[in-house]
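So that the names make sense, note that chain A is the first sequence line, chain B the second, and so on, each numbered from 1. Computed over heavy atoms, backbone and side chain alike; hydrogens, waters and symmetry mates excluded.
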Amino acid sequence: MLQGESTKREFSIFSLIKSWEFTLLVVLIIVFIVNTNLSSNFLKINNLIDTSLIFMEKSILALPMTLIIMTGFIDISIASIVAMTGVVLATCFNSGVNIWVSVIIALSVGLIAGLLNGVIITKLKIPSIVVTLGTMLFYRGIAYILLGDNAISGFPEKFGILGGAYNVTFIPIQLIIFIILVIIFGLILHKTTFGRQLYAIGNNEDACRYSGIPVDRIRVILFTIMGFVSGLCGVLLTSRIMSARPDIATGYELKVITIVVLGGVAIFGGKGSILGVTIATFIVGYLSYGLSIINIQSPIINIFIGLILIITLLVPTIVAVFRDMKGSLLKKFNSRSK
Amino acid sequence: MRKLLFSVVVILIVVSVVAAFSLSGCKVEEPTEEAVEEKVEEPTEEAEEEAATIKEGPFTMAFLAKGLGAAYFDSCADGAFKAADELGDELLYLGPEDWSVENQIVIVESLIDQEVDVIGIAANGKDSLAPVCKKALDAGIHVMSWDAPVAPEARESFLNQVSFEEFGRGMIKEMAKAIDYKGDIAILSATPQAPNQREWVNWIYEEIKDEKYKDMEIVDVVFGDDLPEKSYDKALGLIKAYYPDLKGIIAPTSVALPAACAAVEDKGLIGEIKVTGGTVPSAMLDYVKNGTCDSFVLWSTIDLGYVSTYMMHYLCTGEFTGAVGETFTTGNPDLGEFEVVTDEDGNPFVLLGPPLIFDINNIEYWAEIF
């Protein structure tokens with residue numbers, strides 16, 4: 001299997017050091033050290049928890065995105081679903097529906113949006129990037145039709161607790177949701193047959209079809225989960241900023257995909273782990289936060305994130321080059337072809 | 001199991017390394033930014049202990065724009081830096097590059113972490129920014145807004161650049177002068193929902209009820225969504241539909257006004273149709289010179305940044321709290337005295353002053369500036 005070192009049964013320190021997750025952990029430590037030097041407040045536990053709020057929505061979105069990319073597909077409509085569900089929530093609330101009922105309606109809308117993505121992709125056999133490009137515009141358009149350039153606010157204070165707009169709990173609910181989802185997705189991906197099937201689909205879809213794995217049904221399930229989680233993020237984001245606007249979450253899809261790729265998930269599928277993505281989300285989150293502490297403007301922050309992405313992705317290549325020099329690559333090739 | 005053990009060990013190492021670093025970072029006071037900030041804070045704390053009501057600077061002030069890369073906000077920042085120089089304070093000019101609510105929230109969060117003394121914000125969303133601004137207030141940071149307010153409970157004061165009434169009435173007055181109080185006019189606005197646009201258009205309708213405008217009529221209001229191409233197309237549409245009766249177009253947005261001028265120019269109707277509205281002077285230099293637009297209104301963005309920086313400073317010193325009836329002066333005596341007044345909803349704010357009118361006599365001077 002391609003996912004390789006991280007899940008090897010045999011344990012050795014060397015294989016751990018070689019693993020992607022370890023590289024990411026080192027990068028995360030570097031980010032923490034640099035940030036600590038930049039701001040004496042950074043390492044305080046409540047500050048760490050507090051600042052996690054500003055990127056938690058993206059972190060949550062990265063989890064189902066990992067599963068989708070794992071099977072070799074992609075969903076770029078997520079940011080639009082986030083905006084649409086936020087707007088639906090606000091529109092329902094504005095027309096007198098109870099706030100928690102509105103939340104349920106918004107979640108269902110997200111779920112249906114994801115289901116629609118999945119059904120179109122699998123039934124009509126159109127590439128996922130094209131379908132979700134279309135629905136990206138479609139869902140965002142719905143958000144604009146419902147709200148125009150308006151913003152709806154005036155949600156009850158209770159609702160703000162969800163997204164952490166009002167600090168009531170010590171650990172924000174967003175963070176708790178993220179941790180629960182990490183555990184759920186980690187178990188699904190690494191401990192269940194379903195998870196193994198995802199790796200298999202990513203590696204060789206045709207072989208999976210011939211061996212009777214319901215590839216299409218799995219894909220529809222994945223996109224539905226993605227839609228539901230996007231809906232959840234729409235609710236959380238609306239709650240965090242205590243208002244709904246159709247232009248929220250623009251560009252989230254690219255940031256989420258960046259996190260997933262940085263997390264070691266192969267963009268063509270078949271490789272990756274939830275742990276890697278989890279570490280990557282903290283790297284991206286705290287890196288951009290650390291840079292904003294020293295008032296570096298966001299375009300330059302984006303450059304840093306791009307650089308980190310490329311450098312981290314280069315590490316295995318560089319390692320391979322060194323191996324190549326020793327001539328061991330040939331040996332490895334031989335042993336693999338046996 | 002061993003793997004689990006190993007990961008625990010790794011985490012422990014991480015924690016200890018980071019902890020060691022943070023401790024050493026506190027002890028070793030190299031001349032880093034941190035040390036500078038600490039030095040800055042010392043005198044203020046002493047002043048506090050002496051129970052003096054007026055704190056002394058220098059203060060760290062954050063001047064937060066709606067977004068980066070716009071001539072409008074850059075010129076506001078010019079004024080802000082000028083004031084900061086006079087006051088001896090440190091000013092940070094910041095803003096989200098994508099003009100989004102989320103990134104503006106991130107910036108405010110990081111400012112809270114940096115423990116700046118005061119934040120002056122042109123908010124991208126009145127309510128969206130309110131929770132985080134409230135958090136800043138709770139953290140002991142002063143918050144005021146300029147240009148675009150945050151919700152009243154999340155700020156200490158607000159510097160409004162111009163009253164909606166004066167700006168709306170000002171535009172129709174300029175238009176009347178340009179077309180000699182005769183003919184049909186149309187309005188090219190941004191969006192039907194934008195609160196400032198709605199207010200201005202309402203005041204235009206209010207002003208035109210006056211007897212002296214009896215030969216003028218507003219025939220249409222169209223919306224260009226603040227997009228240059230769309231505004232241009234809408235202006236062409238107005239010309240097509242109403243010319244030759246159409247004598248003027250009022251465009252109260254910084255995007256639509258140059259677009260409307262371009263449309264009139266491209267149709268070869270310079271002088272036939274007059275255009276006015278509000279935008280930055282540098283965008284209008286050519287159109288004022290060639291007669292497409294006789295005059296237009298805006299406020300001095302430099303004064304906006306300048307006065308709001310003084311407000312930020314006075315909030316820090318404690319000389320100003322934003323209560324109704326309070327007054328203050330700035331380093332520029334020409335600007336006079338500012339007073340806190342209340343709007344229709346009873347929320348206190350400070351008014352910058354009457355709008356500034358730009359015409360052929362002063363356009364070159366102002367176009368150089370912003």
Side-chain angles (χ1 to χ4, degrees), chain A residues 11 13 16 21-22 25-26 28-29 32-33 36-44 47 50-51 53-55 57 147-155 160 163-167 237 240-245 247-252 275 288-295 297-302, chain B residues 1-3 6-7 10-11 13-14 17-19 21-22 24-26 32-34 37-38 62 68-69 92-103 105-107 109-116 124-132 134-135 138 151 190-195 197 225-226:
Chain A
F11 175 78
I13 289 179
L16 190 116
E21 287 76 10
F22 189 81
L25 205 59
V26 172
L28 183 63
I29 294 168
F32 265 57
I33 290 172
T36 312
N37 275 354
L38 294 178
S39 157
S40 50
N41 287 330
F42 178 76
L43 217 60
K44 284 176 190 153
N47 185 54
D50 217 33
T51 48
L53 271 183
I54 59 185
F55 58 85
E57 291 104 9
L147 220 52
D149 279 346
N150 269 342
I152 294 181
S153 52
F155 296 108
Y166 296 95
N167 271 349
L237 186 59
R240 178 160 68 91
I241 65 179
M242 282 305 261
S243 60
R245 311 158 56 93
D247 61 346
I248 55 165
T250 23
Y252 269 29
L275 179 65
S288 41
Y289 182 68
L291 292 172
S292 65
I293 290 178
I294 49 171
N295 299 315
Q297 305 285 14
S298 38
I300 298 163
I301 294 178
N302 290 342
Chain B
M1 195 57 215
R2 276 200 352 210
K3 197 174 176 184
F6 190 81
S7 49
V10 169
I11 290 168
I13 292 170
V14 175
V17 165
V18 174
F21 235 97
S22 61
S24 65
C26 292
T32 53
E33 274 183 54
E34 240 177 80
E37 268 171 39
E38 272 165 36
L68 295 179
L92 307 165
Y93 172 44
L94 302 162
E97 111 277 11
D98 56 357
W99 299 65
S100 71
V101 167
E102 292 105 316
N103 279 333
I105 292 175
V106 172
I107 293 173
E109 288 270 4
S110 80
L111 290 171
I112 296 172
D113 195 25
Q114 292 175 58
E115 295 173 345
V116 295
N124 275 331
K126 190 168 177 250
D127 296 298
S128 317
L129 266 298
V132 76
K134 244 184 267 172
K135 195 172 147 190
D138 291 343
T191 63
Q193 296 91 0
Q197 296 288 324
D225 291 349
D226 258 351

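Going from atom CG of B/L92 over to atom CD1 of A/I294 covers 12.0 Å, rounded to the nearest 0.5 Å. Taking CG of A/L38 as the reference point, atom CG of B/D113 lies at 10.5 Å (rounded to 0.5 Å).
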Trace of the side chain to side chain donor-acceptor pair (under 3.5 Å) decision for A/S153 with B/D127: CA-CA 6 Å; A/S153 52; B/D127 296 298; 2.5 Å; yes
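Between A/L237 and B/E102, the closest heavy-atom pair is CD2-OE2, 3.9 Å. Summarising the geometry of B/G125 relative to A/R245, their closest heavy-atom pair is CA-NH1, 3.6 Å, with the distance given to 0.1 Å. Taking every heavy atom of both residues into account, B/E97 and A/N302 meet most closely at OE2-ND2, 3.5 Å.
Taking chain B as the reference chain and counting heavy-atom pairs below 4.5 Å, the highest number among A/A249, A/G251, A/G154 is found for A/A249.
Looking at A/F155, there are no atoms closer than 4.5 Å to chain B (heavy atoms on both sides), in backbone or side chain. Residue B/I112 does not touch chain A at all, counting heavy-atom pairs closer than 4.5 Å. Interface remark: B/I107 contributes no atoms to any contact with chain A (heavy atom separation under 4.5 Å).
With hydrogens and angles ignored, the 3.5 Å screen pairs a side-chain donor or acceptor of B/S110 with a backbone N or O of A/S292.
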